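Before any comments, here is the structure.
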Amino acid sequence: MKYIVAIIQPEKLEEVQAELFKNEIHLMTVSQVLGCGRQKGITQIYRGRKESGTLLKKIKLEIAVNDQFLKPAIDAITKAAKTGNIGDGKIFVLDLEECIRLSTGETGGPAIG
Amino acid sequence: MKYIVAIIQPEKLEEVQAELFKNEIHLMTVSQVLGCGRQKGITQIYRGRKESGTLLKKIKLEIAVNDQFLKPAIDAITKAAKTGNIGDGKIFVLDLEECIRLSTGETGGPAIG
Amino acid sequence: MKYIVAIIQPEKLEEVQAELFKNEIHLMTVSQVLGCGRQKGITQIYRGRKESGTLLKKIKLEIAVNDQFLKPAIDAITKAAKTGNIGDGKIFVLDLEECIRLSTGETGGPAIG
Amino acid sequence: MLGRVLTIILGAAFFLLAGLGTPALAADASTVNSGDTSFVLMSAALVLLMTVALAFFYGGLVRRKNVLSIMMQCLFAMGLISIQWVLFGYSLSFGPDKGGIIGGLEWVGLRGVGQAPNPDYAATIPHTAFMIFQCMFAMITPARIIGAFAERMKFSAFCIFLILWATLVYDPVCHWVWGVGGFIRKMGALDFAGGTVVHINAGIAALVAAVMLGKRTGYPERAMPPHNLPFTLLGAGCLWFGWFGFNAGSALAANGIAVSAFVATNTAAAAAALMWAGIEWVHGGKPTMLGMATGAVAGLVAITPAAGFVGPVSAILIGLSVSMICYFFVAFVKVKFGYDDSLDAFGVHGIGGLWGALVTGLLATKLINPAGADGLFFGNARQFGIQIAGCAITIGYSLVMTFVILKAVDLLVGIRASASDEMVGLDLTQHNESGYTLLD
Amino acid sequence: MLGRVLTIILGAAFFLLAGLGTPALAADASTVNSGDTSFVLMSAALVLLMTVALAFFYGGLVRRKNVLSIMMQCLFAMGLISIQWVLFGYSLSFGPDKGGIIGGLEWVGLRGVGQAPNPDYAATIPHTAFMIFQCMFAMITPARIIGAFAERMKFSAFCIFLILWATLVYDPVCHWVWGVGGFIRKMGALDFAGGTVVHINAGIAALVAAVMLGKRTGYPERAMPPHNLPFTLLGAGCLWFGWFGFNAGSALAANGIAVSAFVATNTAAAAAALMWAGIEWVHGGKPTMLGMATGAVAGLVAITPAAGFVGPVSAILIGLSVSMICYFFVAFVKVKFGYDDSLDAFGVHGIGGLWGALVTGLLATKLINPAGADGLFFGNARQFGIQIAGCAITIGYSLVMTFVILKAVDLLVGIRASASDEMVGLDLTQHNESGYTLLD
Amino acid sequence: MLGRVLTIILGAAFFLLAGLGTPALAADASTVNSGDTSFVLMSAALVLLMTVALAFFYGGLVRRKNVLSIMMQCLFAMGLISIQWVLFGYSLSFGPDKGGIIGGLEWVGLRGVGQAPNPDYAATIPHTAFMIFQCMFAMITPARIIGAFAERMKFSAFCIFLILWATLVYDPVCHWVWGVGGFIRKMGALDFAGGTVVHINAGIAALVAAVMLGKRTGYPERAMPPHNLPFTLLGAGCLWFGWFGFNAGSALAANGIAVSAFVATNTAAAAAALMWAGIEWVHGGKPTMLGMATGAVAGLVAITPAAGFVGPVSAILIGLSVSMICYFFVAFVKVKFGYDDSLDAFGVHGIGGLWGALVTGLLATKLINPAGADGLFFGNARQFGIQIAGCAITIGYSLVMTFVILKAVDLLVGIRASASDEMVGLDLTQHNESGYTLLD
Ligand SMILES: Nc1ncnc2c1ncn2[C@@H]1O[C@H](COP(=O)(O)OP(=O)(O)O)[C@@H](O)[C@H]1O
Ligand SMILES: Nc1ncnc2c1ncn2[C@@H]1O[C@H](COP(=O)(O)OP(=O)(O)O)[C@@H](O)[C@H]1O
Ligand SMILES: Nc1ncnc2c1ncn2[C@@H]1O[C@H](COP(=O)(O)OP(=O)(O)O)[C@@H](O)[C@H]1O
């Protein structure tokens, strides 16, 4: 089992979700984060005072998958989120040791999907 | 050492915390996330335009524990968060390699609690 | 490759970032979280009704690094975020299996930086 | 579907046009005073703003997931009561008296309510100006009740409750106290701007509703802190602002009484706000913004029946005392009895209004308003008795009728939202929308 | 740099001072009525508040990243038009007539516009009071258009568009309809408070702008829910409040007509709000807060031209009907034709204003306002024809001129923000600031 | 505990009632003008709203964790000063003159201040109307200072500072400039609506406070962006709206001077808003919403002393120039000298007010207001000298007294919140509440 963390552009959320759904990946957790990356932040000015920002709004997806869904998931995210420009985002893959579904008590692979 | 990520219903936060405290687990990090799961989102309508939502508010807990606390933590969360209905949430367990307490510089097991 | 999760005081974000930049660590993901720790929350009172809070605002940094950057990263965060008081925060290190840069399709070490 | 509705409505409208649409001729301008008319119209506008302000005062106090449901209920009251008032509410309240109990239907659809003044109510402004000023009162009164059943009432039930309560409770009580021939008015009860009619009336209804609907799931164990206190301040600030229209406007002319009511209003609000903060400082440890805002509203409520009858020093006294009483109800009595008056509609409006009505019987003086009466402290014990009687009658009637109406509505459609709707929040489940975006 | 600017401005100012700064002597107080003056000044203040309210009504509807751009545009309109009006806008609109088409430049810089009343426009208040009341109308009219091109227009383009549109579209149309000698006024068209001048005019400009700018990226596939609906209610509530100044104030005196307009305004808003909620309940499943707020605004728009000419029952009819029509445009016509009138400036203001202007020709009656005219339903079919003609002329002119102006601005600086600016949001890219902090 | 407090308060209240509570008899109605009274009461209501507006103008600019502390301070000023004014502040400010320095205690508790006009101040409205209008000024003046010590002052220290400053600084200066017999008034200084009394006075106090409290931790290295700019616009918009009451209301009658002040107010605000945006466009790259809002407020500040004495073209000049000056102070002088005037209370209110008071000595003209005086540009150099003298005296007095008061308060309870309280935020540490929920 793998735990995928993907950082994408906010505009791409709906497309990424749609693409994942097509690949039978329906479950995920979404949150708003701020990215500090190669894409530079935008300077803000308040009453003449400049504040150079380093952070830009991004969306973070967390998706736990069984191993056979890892590649489809990565492909789906890449397909939907990639524009080829700086700022598109990244995917991180971590190993997942255990997964428990609270409502049923199922564990492991069956609990993920 | 393990790194537990738990997704629960917002209403259950206080009960889960209380149950964890009972089991001597006092430290955790909490954040608000949006879950896309088996529980379906609610359609919103703005001036006649429907927008079918897939996301629902959830709470995410991150808890780093020493190995002997893994089971108590999982049991506590399950006990407090489980209603048996769809949407109750999930627990994910990842392996934690290192932990450092900034204020003292302690590392490993002692730094966790 | 390692996946660092650091919880710090909100006031320290800019200093931590600056220190990381000095150590050539430029990429990270930032989010706002609530910490339940040894530092106690503050009781709130609404129309005579007390609500004892257990949560305090914290900042969470997620930084994926190649192995040789792990120590510099930890040192940089510690240097900037440590005051020696309760509440300074913690660093968690997880193993990172794979990293993919969406814009180029690069994977592994080169995708991280 | 839409087409059918359209046809029905147009048909109905033309029927109405034929039946009712012969408005009075333009006024004999000589009797209309432009200063007074300007004052009353602007006051009416201010009172309208109060209902919007209430939406924010209450809206800021609920949880994020229910903010729109509060605002929607306020807005719906603005819409529905405006129409009810024009069609028949005004006639029931102020129309030609029927046995001291209710106004007749002679003024239905505002027939005969024209630009000429009606000296029974206000001799120097168009009758329609008096009518629309009163309309704003009819609108905000039921809106105050919303605070008691926040976060758990079905919207459909609210709509039915609203029209029934306005017609069966507000209109009669309004007639009794303010209508020419109304029996409480004839008793000689003083109610300058609505302590009985508005605050006690709504406050008691709030208590009944809170008890009948039951507690919110998780109350009182679970924390339910206000989601946006700046909104609550916005509401309180605009209420304070609008209350000048409510109280000073009730003089129905820009004269010395209006000024006196204006001064009393400001002074009582200020004293009550300070007192609430002071109590918190002594009792709870820290003075809070919400406390001061609550105190200010309590002061405004309490001064309402007294505004045109008391001087500034009495206003201070009223302000100081009402905060003590309301704080006691909100922080102790509510907890003790365990009802969930979610936003303290009873604790602040009901109790504050009751205290204001009683204290009017103590502190009113003809030195301020020769058309009023002296209270107990100015040598007229009888007035205090009259005030008690007026309050008691209103409390009894509002209590019984609100109970009956809510029971009926419950049988009809059910008053309480389902547990799962309550958990997800009323915004999404009752209105298919949400107050704020989460990922944007 | 700053020094140079300073010098130029001071120089220019003193030139102006010498050239224009000889204001009229203080008024002969005897003709000025204090009640009327009080009423018109307070009404002017209320109308100013409406532009702020609009900033919130619209601002709550856009995405978080564009909220300031909306607010900035409203604020900029307040600033620029206030100055334009004083310098030459008022003179073009209301100055001595030139062939029925435009006002002359005699009143440039308010020369000759003093504290004495101008009986052509308002006999009982200082001429300057009439001027500043009208200034607020000139300010809010172009602000309404903002809703059509929200979230994608370059700010520099907006600025140029604004001054050109105000001068080349608003001022002439205002003269035609309200200026002494204006040709639509001479035709006998009724427009109590600005249905043609304000709403149709701005609504058509909105449609043209929406079409010319093209859709927002991602529209209509991607969800773009309102980021802060409480702000939208705040806007709607303050619009309702301010609209009393807009409509009742247009009587220019605190008299029976003002009261009548006030009542009609409140009634129509209420009826329209209810109707919109009703349609949603029947058609969409649930009544929404946004729906009621939208309905209220539609009702206010539609009653504007009719306010001083109709009774309350007609006002109900106007309110009910306008919601049906606007809902139809917003939920069906817009979708069908696929233009991105982002915040429904055309669908609500344009269509609502058009319906209001037409319905005035049906329901106006001299029973309410002897200085007005009877409409079709009161036996005067001619009036309906006149109203149609007035609307048609305004639509045609606004359509053509808005097109020409936008084309010109597009050639000059480009009207549409770059795709990447649109993606990041106009707040950061056009104004270097953001509405809310993210980590605080 | 509560019981004891109650007893003490009731006891005190009855003592007061006996001692002071004999209000003047109802006015001889013949001298009261309803139009003027309506105007002044509504203006007073508008000025009250300004303090609420200020809470949002300032509140939006601070960090999320301190928003309530700002709002609480504004609300506390509303409460405390309302009571102080009625009890003795009004008497000190406007009561029978003692040597040109202070008003006597004859009017303590409003004894002798009744419904009859006091022709010394306003001949056509009840004396109490004048009193309550001035009360609103007394309330908002210290509230302006809050911007200077935002995010770091202890609340208890604020409370003590507030009452001392109001009594020892505001009341005397108010008497000097506006009280009959006040020595600056006798010098012939012009201050239409409070440039010296309100803005310079508060602005200088702000500077002193900013310097004495020291910088916020992390200033200026750390970014502290405004947490909610829409709130700031809401504040600015309502300030603009309310300022019509402030300035036009200062005519104390709905006459030509009031209209003139109204026009000047709107025009100056607009010109200043545009100018600020223009400077940013030229200097900083992009015009900002916050910049325009700040400019509008600066324009309103600067026109305040001049409002009833200048024509619209002068108003434009005042607006344009004040933005240049204030921008310079805010963006350069503050940075250069390094004091932390957190929300620019000195940079905008102090400097803007100073410029306004001086420019009144240049541009005032009897053509607008025969009861005023001509300024330097209208041939009367002496007036400019008088204005300088008035400003200098106010600056000196406010500077010294504010210093003394703050020193005293610091010795008493300490003025600065502890470092850890500042870090956690004043909302939680001073008031045990937080503005917004985090998990809801
Ligand atoms: N090493 C990293 N650790 C954590 N987050 C990262 C890392 N690299 C990138 N990110 C996240 O991904 C986002 C996109 O990265 P960026 O460098 O802007 O674009 P890209 O690499 O796709 O061209 C960043 O804003 C940040 O949130
Ligand atoms: N495979 C997954 N990866 C990431 N998050 C998940 C996954 N499965 C579930 N979740 C999270 O858990 C929440 C609850 O899941 P859901 O399917 O609604 O309920 P349950 O499985 O408890 O019946 C989801 O909203 C989502 O946030
Ligand atoms: N075991 C843990 N699991 C998850 N988060 C933790 C854990 N321990 C600490 N944290 C996070 O770190 C923050 C700081 O911890 P705290 O105990 O307050 O201070 P410190 O340990 O630095 O003295 C907490 O608020 C919490 O967010």
Side-chain angles (χ1 to χ4, degrees), chain D residues 33-36 38-39 42 46 63-65 225-230 233-234 237-238 240-241 244-245 248 253-256 258-260 262-263 266-267 270-271 273-274 277 279 282-290 292-293 296 311-314 316-317 320-321 324 328 367-370 377, chain F residues 1-2 5-6 9-10 13 16-17 20-23 25-27 29 32-38 41-42 44-45 48-49 52 55-56 59 67-68 71-72 75-76 78-83 86 109-110 115 125-126 128-129 131-132 135 155 228 231 234 430-437 440:
Chain D
N33 177 306
S34 64
D36 294 344
S38 168
F39 187 63
M42 287 297 157
L46 286 178
R63 286 166 291 174
R64 209 168 279 265
K65 62 187 175 183
H227 91 283
N228 195 323
L229 281 179
L233 174 72
L234 179 64
C238 290
W240 191 329
F241 173 60
F244 291 128
N255 56 20
V259 179
S260 192
F262 191 108
V263 172
N266 190 64
T267 307
L274 285 183
I279 296 172
V282 170
H283 177 251
K286 301 270 171 65
T288 69
M289 206 286 298
L290 175 58
M292 277 208 93
V313 177
S314 298
I316 294 179
L317 181 59
L320 295 177
S321 53
M324 295 192 290
F328 182 70
L367 290 171
I368 295 288
N369 189 339
F377 292 176
Chain F
M1 179 66 228
L2 269 179
V5 173
L6 180 70
I9 287 187
L10 282 175
L16 283 168
L17 262 182
L20 310 167
T22 21
L25 279 167
V32 168
N33 177 306
S34 65
D36 294 343
T37 304
S38 168
L41 284 188
M42 286 297 157
L48 177 113
L49 188 67
V52 180
F56 280 83
V67 59
L68 295 183
M71 296 188 162
M72 179 70 173
L75 200 49
F76 199 84
M78 290 168 69
L80 189 62
I81 305 301
S82 290
I83 301 302
V86 161
L110 299 188
Q115 293 177 15
I125 60 172
T128 38
M131 180 282 297
I132 199 72
C135 175
F155 184 64
N228 195 323
F231 278 177
L234 179 63
Q430 305 292 303
H431 307 298
N432 277 345
E433 54 187 349
S434 75
Y436 314 91
T437 48
D440 165 45

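Proteins come first, then strands; the chains are lettered A, B, ... in the order of their sequence lines, and each starts at number 1. The model shown is predicted, which means the values in this text are computed figures rather than measured ones.
- Considering only heavy-atom pairs separated by less than 4.5 Å from chain D, the leading option among Asp36(F), Leu75(F), Thr37(F), Asn432(F) is Leu75(F).
- When Ala129(F), Gly435(F), Ser434(F), Gly35(F) are compared by the number of non-hydrogen pairs under 4.5 Å with chain D, Gly435(F) comes out ahead.
- For Pro226(D), the part lying under 4.5 angstrom from a heavy atom of chain F is the backbone only.
- The minimum heavy-atom distance between Leu110(F) and Pro312(D), with the atom names listed, is CD1-CG, 3.5 Å.
- Highest contact tally toward chain F, considering only Ser260(D), Ser38(D), Ala270(D), is held by Ala270(D) [criterion: heavy-atom pairs under 4.5 Å].
- For the pair Phe155(F) and Lys286(D), the minimum side-chain heavy-atom distance is 4.5 Å or more.
- The distance from atom OH of Tyr436(F) to atom CZ of Arg64(D), rounded to the nearest 0.5 Å, is 9.5 Å.
- Taking all atoms of both residues into account, the shortest heavy-atom contact from Asn266(D) to Ser82(F) is ND2-OG, 3.1 Å.
- No side-chain heavy atom of Thr437(F) sits under 4.5 Å from any side-chain heavy atom of Arg63(D).
- Atom CG of Asn255(D) is separated from atom CG of Asn33(F) by 12.0 Å, given to the nearest 0.5 angstrom.
- When all heavy atoms are compared, the tightest approach of Phe262(D) to Leu41(F) is CE1-O, 3.4 Å.
- Contacts of Ala44(F) with chain D are made by both backbone and side-chain atoms, with heavy-atom separations under 4.5 Å.
- With contacts defined as side-chain heavy-atom distances shorter than 4.5 Å, the pair Met42(F)/Leu46(D) qualifies.
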Taking it one step at a time, do Leu48(F) and Phe244(D) satisfy side-chain contact (heavy atoms from CB on, under 4.5 Å)? CA-CA 10 Å; Leu48(F) 177 113; Phe244(D) 291 128; 3.9 Å; yes

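- Here the closest non-hydrogen pair linking Thr128(F) and Val263(D) is O-CG2, 4.1 Å.
- For Ala271(D), the parts lying under 4.5 angstrom from a heavy atom of chain F are both the backbone and the side chain.
- Although no hydrogens or angles enter the test, the distance criterion places no donor-acceptor pair under 3.5 Å between the side chain of His431(F) and the main chain of Met289(D).
- At a 4.5 Å heavy-atom cutoff, the contact between Ala258(D) and chain F is made by backbone and side-chain atoms alike.
- Taking 4.5 Å as the limit, some side-chain heavy atom of Phe76(F) sits within range of a side-chain heavy atom of Leu274(D).
- For Leu68(F) against Pro230(D), the heavy-atom pair with the smallest separation is CD2-CD, 4.2 Å.
- Rounded to the nearest 0.5 angstrom, Phe231(F) CZ and Leu234(D) CG are separated by 7.5 Å.
- Considering only heavy atoms from C-beta on, Gln115(F) stays 4.5 Å or farther from Val259(D) through its side chain.
- Minimum interatomic distance between Val52(F) and Gly237(D) (heavy atoms only, all atoms of both residues): CG2-CA, 3.7 Å.
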